[in-house]
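All remarks here apply to the structure that follows.
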Amino acid sequence: MQISMKCSVAVHCLIFIHEARGRVKVTSTLLSQSTGCNPVVIRNTLSALKKAGILTVARGTGGAELSRLPAEITLYDIYHALEPEGLDSLIGIHACQGRACPVAQNIRRVLEPPYQAIEEAVRRAMEGVTLESMLGTFHALVEEPAEKTGTAPRV
């Protein structure tokens with residue numbers, strides 16, 4: 001059980017897009033170089049984020065920009081854009097209900113309530129994390145080496 005890596009790639013892209021704003025046109029090739037992912041994966045990720053209203057992408061010449069403020073974009077928004085049914089299947093239940101065993105006949109009804117509660121808790125936790133808060137963490141981490149070495153961080 002794990003949340004797919006699509007979400008971390010998307011967060012990587014969004015932080016990069018935010019940091020590069022006004023300085024460089026962010027393309028799938030540039031994001032591919034930064035993430036180490038194939039440009040097709042990046043284009044699919046950007047397409048999902050665009051469809052969810054999280055960013056805009058200029059056609060033809062490229063260039064991605066956030067379409068909402070970082071404080072208005074939650075980790076759940078990002079995850080849900082990429083995995084719309086993701087949390088609904090975070091924890092699976094094996095198929096066995098057709099068996100004669102009373103446990104097999106009832107295990108789904110036993111597990112559904114706690115699994116739904118877990119999925120809801122994960123969703124609420126993800127909704128409590130914004131792109132703005134992740135940018136704050138990023139900035140703190142980037143500034144840390146600069147404070148020690150006296151060099152400015154670069155994107």
Side-chain angles (χ1 to χ4, degrees), residues 1-95 108 111-149 151-155:
M1 167 183 80
Q2 79 175 32
I3 294 177
S4 90
M5 286 187 285
K6 291 178 185 180
C7 189
S8 68
V9 170
V11 170
H12 183 133
C13 291
L14 292 170
I15 290 174
F16 190 100
I17 290 165
H18 181 269
E19 294 301 298
R21 73 190 183 284
R23 291 187 293 160
V24 64
K25 181 170 53 172
V26 179
T27 64
S28 59
T29 301
L30 186 57
L31 289 169
S32 175
Q33 292 168 351
S34 177
T35 63
C37 293
N38 185 297
V40 172
V41 171
I42 298 301
R43 283 191 289 275
N44 289 338
T45 300
L46 297 181
S47 176
L49 294 170
K50 179 181 176 183
K51 183 177 177 183
I54 294 172
L55 54 81
T56 59
V57 181
R59 286 185 112 11
T61 59
E65 296 179 359
L66 297 180
S67 60
R68 300 189 324 218
L69 295 173
E72 298 171 349
I73 302 169
T74 68
L75 184 57
Y76 180 76
D77 294 333
I78 298 164
Y79 175 73
H80 188 68
L82 299 160
E83 304 277 355
E85 306 298 322
L87 289 185
D88 295 338
S89 60
L90 183 62
I91 307 174
I93 301 174
H94 63 292
R108 178 167 298 280
L111 291 174
E112 281 177 344
Y115 283 10
Q116 287 173 348
I118 292 166
E119 291 165 359
E120 179 63 24
V122 170
R123 184 185 61 75
R124 279 193 311 271
M126 291 176 87
E127 288 174 339
V129 178
T130 64
L131 181 57
E132 181 176 63
S133 68
M134 291 184 282
L135 282 162
T137 301
F138 168 75
H139 289 146
L141 293 170
V142 169
E143 294 301 321
E144 199 173 88
E147 291 171 3
K148 293 178 184 174
T149 64
T151 59
R154 294 177 41 199
V155 170

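- Ion pairing between Glu119 and Arg123 fails under the 4.0 Å rule for side-chain N and carboxylate O.
- Atom-to-atom distance recorded for Phe16:CZ and Arg21:CZ is 13.0 Å, nearest 0.5 angstrom.
- A side-chain hydrogen bond (donor to acceptor under 3.5 Å, both in side chains) check over residues 29-40, counting only residues at least two apart or in different chains, returns the pairs His12-Ser34.
- By the 4.5 Å heavy-atom criterion applied to side chains, Ile17 and Leu31 are counted as neighbours.
- Closest heavy-atom contact between Arg68 and Ala52: NH1-O, 3.9 Å.
- At a threshold of 4.5 Å between non-hydrogen side-chain atoms, the residues Cys7 and Glu83 do not count as touching.
- In this pair, Tyr76 and His80 present their aromatic rings parallel. The plane angle is below 30°, not in the 30 to 60° band.
- Checked by atom type and distance alone, the side chain of Thr74 never pairs as donor or acceptor with a backbone atom of Thr130 at under 3.5 Å.
- With hydrogens and angles left out, the side-chain atoms of Glu19 and His139 include a donor and acceptor closer than 3.5 Å.
- The main-chain N or O of Ile54 is found under 3.5 Å from a side-chain atom of Ser67 such that the two form a donor-acceptor pair.
- Taking all atoms of both residues into account, the shortest heavy-atom contact from Val129 to Met134 is CG1-CG, 3.9 Å.
- Between atom CD1 of residue Ile73 and atom NE2 of residue His18 there is a gap of 9.0 Å, rounded to the nearest 0.5 Å.
- Counting only heavy atoms from C-beta outward, the side chains of Asp77 and Leu131 never approach each other to under 4.5 Å.
- At distances below 3.5 Å, at least one donor-acceptor pair connects side-chain atoms of Thr45 with backbone N or O atoms of Val41.
- In this structure, Leu30 and Lys25 approach most closely via the heavy-atom pair CD2-O, 3.9 Å.
- Rounded to the nearest 0.5 angstrom, Arg43 CZ and Leu46 CG are separated by 9.5 Å.
- Taking NZ of Lys6 as the start and CD1 of Ile78 as the end, the distance is 15.0 Å to the nearest 0.5 Å.
- Atom-to-atom distance recorded for Arg108:CZ and His94:NE2 is 9.0 Å, nearest 0.5 angstrom.
- Smallest separation of non-hydrogen atoms from Ile42 and Cys13: CD1-SG, 3.9 Å.
- Here CG of Leu55 is found 9.5 Å from OG of Ser47. Values are rounded to the nearest 0.5 Å.
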